[in-house]
Protein chains: 2
Amino acid sequence: MARPREFDEEHVLEAVMERFWTAGFERTSAQDLVDATGLGRGSLYAAYASKEGLFEQALLRYRKRARAHVDKLDAEPSAIKALRILMTDVVDADLPRPHPRGCLATNSAIEMAAHNPRIAELVRENFGILRRGIEGTMRRGQATGELSSNRDAAALAMFVFTAIQGLRVMARALKADDRQSLFSVIEQTLLALR
Amino acid sequence: MARPREFDEEHVLEAVMERFWTAGFERTSAQDLVDATGLGRGSLYAAYASKEGLFEQALLRYRKRARAHVDKLDAEPSAIKALRILMTDVVDADLPRPHPRGCLATNSAIEMAAHNPRIAELVRENFGILRRGIEGTMRRGQATGELSSNRDAAALAMFVFTAIQGLRVMARALKADDRQSLFSVIEQTLLALR
DNA sequence: CCGATTATGGAACGATCATTCCAGAGGAGT
DNA sequence: ACTCCTCTGGAATGATCGTTCCATAATCGG
């Protein structure tokens with residue numbers, strides 16, 4: 001051991017994630033990352049090897065968001081209410097002004113998954129966290145009688161999860177005044193669970 | 001008038017669209033487009049001004065796909081069957097080997113919409129063609145009594161359309177053996193219309 | 001058949017890209 | 001206090017980016 005690191009890894013990765021999230025991988029340059037983190041090029045490359053390595057770290061960090069969503073799901077007793085809160089949160093989180101940033105995992109699925117197997121795997125892992133959380137909520141709702149028990153919980157969870165991916169795409173493409181139609185989609189999705 | 005064009009615009013734009021579709025805007029270089037079309041740089045830029053101009057043309061051309069989907073919807077008498085065919089077609093079309101390419105409009109919504117208003121508008125136009133087609137099918141189903149008439153056809157159409165966007169995201173991220181789960185999502189979506 | 005005008009495509013451009021290098025700085029172990 | 005070893009950050013590198021230039025070719029109207 002010799003000289004210790006001077007930078008705060010939490011802060012650096014947060015800034016990196018933010019940049020990749022709004023601009024995407026290709027539109028974010030190494031210079032952008034230097035500016036965003038305040039580190040020198042040498043330090044950045046010594047610690048994370050490459051731009052792709054940095055992106056992987058950002059995606060790993062993004063898992064916390066998925067886990068937070070799952071925690072919030074588990075905190076609400078009513079399954080339907082929990083799923084409504086989840087989807088409303090997703091729409092609200094993906095639509096900040098001035099530019100909607102969508103979901104980092106969804107964006108990465110489109111932009112990177114076909115070109116980088118490592119990233120594709122991380123995206124699927126991110127997806128899995130939320131999908132399994134939804135499935136748990138679904139089973140809970142079936143146990144309490146809130147949801148019909150004669151339907152496949154895993155299939156229903158995949159259905160809701162896919163709807164969320166659709167909402168995230170629409171959030172990135174629609175104008176702000178179409179926001180209301182996304183909430184209508186949420187209600188139609190919840191209606192389908194009864 | 002002087003020397004006429006030697007290249008076939010149809011062929012050129014088809015090749016350009018194909019390239020942007022699989023690789024995305026940023027991962028497609030001007031050199032890639034020169035190679036794909038067989039034209040020289042000068043010819044390409046004289047005809048289309050810029051890489052973005054070329055992308056716009058590709059997206060304009062892509063509308064034909066959306067229109068073909070709508071035509072197929074209109075050809076099937078049963079609304080439910082028509083929508084099942086549509087969604088199955090979408091999943092099949094988005095998942096060719098070796099790399100799933102998804103949907104050009106969906107990919108562009110994620111990659112470009114926040115950065116380029118012109119592209120964002122073309123994406124919304126593409127979306128609108130299919131969404132309105134679905135809405136028409138929905139009304140038809142209500143008229144024949146196949147679908148319940150006491151639900152909002154526009155809201156149902158938006159719901160199905162958003163589900164399709166979700167399917168397109170999943171198609172780009174999932175492994176080939178998860179294909180079956182996408183068909184399960186299709187059935188859950190159709191079930192919600194009854 | 002002859003200017004006028006446009007298409008052609010490869011060479012050339014400056015900018016920017018991701019990455020590497022390196023000289024200096026600074027704690028850790030002895 | 002001295003020697004490692006690592007961190008640091010700006011300079012440098014070669015590649016590639018999108019775009020422009022330009023000499024040549026080809027077709028038009030007259």
Side-chain angles (χ1 to χ4, degrees), chain A residues 1-59 107-108 111-112 114-119 122, chain B residues 1-59 107-108 111-112 114-119 122:
Chain A
M1 282 300 131
R3 180 176 173 185
R5 280 197 180 147
E6 285 177 13
F7 66 85
D8 173 24
E9 181 148 37
E10 286 285 307
H11 174 266
V12 164
L13 287 182
E14 187 69 25
V16 166
M17 183 185 75
E18 210 70 39
R19 205 74 187 69
F20 280 136
W21 194 348
T22 52
F25 181 78
E26 294 291 344
R27 298 187 110 98
T28 301
S29 69
Q31 186 58 49
D32 287 335
L33 297 172
V34 166
D35 294 343
T37 60
L39 271 67
R41 277 173 236 282
S43 308
L44 223 42
Y45 274 83
Y48 302 101
S50 69
K51 203 178 122 180
E52 299 213 342
L54 225 22
F55 192 86
E56 283 182 35
Q57 292 299 316
L59 214 38
N107 299 350
S108 305
E111 193 188 356
M112 316 256 315
H115 308 282
N116 185 325
R118 298 262 297 279
I119 301 292
L122 288 177
Chain B
M1 285 298 130
R3 181 176 172 183
R5 285 201 177 141
E6 283 177 13
F7 66 86
D8 173 23
E9 180 147 39
E10 286 285 306
H11 173 267
V12 164
L13 287 182
E14 187 70 24
V16 166
M17 182 185 75
E18 210 71 40
R19 204 74 188 71
F20 280 136
W21 194 347
T22 54
F25 181 78
E26 293 291 343
R27 297 188 110 98
T28 301
S29 68
Q31 186 59 49
D32 287 334
L33 296 172
V34 166
D35 295 344
T37 60
L39 270 68
R41 279 175 232 281
S43 309
L44 222 42
Y45 274 83
Y48 302 101
S50 70
K51 205 178 119 179
E52 300 214 342
L54 225 21
F55 192 86
E56 283 182 37
Q57 291 299 317
L59 213 40
N107 299 350
S108 306
E111 193 189 356
M112 316 255 316
H115 307 282
N116 185 326
R118 297 263 298 279
I119 301 293
L122 288 177

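Order of the sequence lines fixes the chain letters, A, B, ..., with proteins taken first and strands second; residue numbering starts at 1 for each chain.
Although no hydrogens or angles enter the test, the distance criterion places a donor-acceptor pair under 3.5 Å between the side chain of A:Glu111 and the main chain of A:Glu26. A:Asp32 places a side-chain N or O within donor-acceptor distance of the main-chain N or O of A:Ser29, the cut-off being under 3.5 Å.
For the pairing with A:Leu39, the side-chain contact (heavy atoms from CB on, under 4.5 Å) check across A:Val16, A:Val12, A:Val34 returns one residue only, A:Val12.
When side chains are defined from C-beta on, A:Phe20 counts as touching A:Leu33, because their heavy atoms get closer than 4.5 Å.
In this entry the distance linking CZ of A:Phe7 with P of D:dT6 reads 15 Å, nearest Å. Protein atom CZ of A:Phe55 is 14 Å distant from nucleotide atom P of C:dT19, rounded to whole Å. Atom CD in A:Glu52 sits about 11 Å away from atom P in C:dA18, given to the nearest Å. Whole-Å rounding puts the B:Tyr48 OH to D:dG18 P distance at 18 Å. Atom-to-atom, CD of A:Glu26 to P of C:dT16 comes out at 17 Å; the value is rounded to the nearest Å. The separation between A:Asp35 atom CG and C:dT16 atom C1' is 14 Å, rounded to whole Å. Spacing between atom CZ of B:Arg27 and atom C1' of D:dG18 amounts to 18 Å, rounded to whole angstrom units. The nearest whole Å value for the distance from the NZ atom in B:Lys51 to the C1' atom in D:dC17 is 8 Å.
The residue among A:Asp32 and A:Ala49 whose nearest nucleotide of DNA chain C is located toward the 5' end is A:Asp32.
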For nucleotides 9-16 of chain D, print each protein N/O atom paired with a nucleotide N/O atom at under 3.5 Å, atom names and distance only.
| residue | atom | partner | partner atom | Å |
| --- | --- | --- | --- | --- |
| D:dG9 | OP2 | A:Gly40 | N | 3.4 |
| D:dG9 | N7 | A:Gly42 | N | 3.3 |
| D:dG9 | N7 | A:Ser43 | N | 3.3 |
| D:dG10 | O6 | A:Gly42 | N | 3.4 |

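Shown here is A:His11, whose NE2 atom has no more than 12 heavy atoms of other residues, nucleotides or ligands within 6.0 Å.
Checking C:dA7, D:dG18, D:dT8 against the side-chain heavy atoms of B:Arg5 singles out C:dA7 as nearest.
The side chain of B:Tyr45 contributes an N or O atom lying less than 4.0 Å from OP1 or OP2 of D:dT19.
Counting non-hydrogen atoms under 4.0 angstrom, A:Thr28 reaches the backbone sugars and phosphates but no base.
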Walk me through whether A:Gln57 and A:Met17 qualify under side-chain contact (heavy atoms from CB on, under 4.5 Å). CA-CA 8 Å; A:Gln57 292 299 316; A:Met17 183 185 75; over 6 Å; no

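In this structure, the separation between CG on B:Leu13 and OH on B:Tyr48 is 4.0 Å, given to the nearest 0.5 Å.
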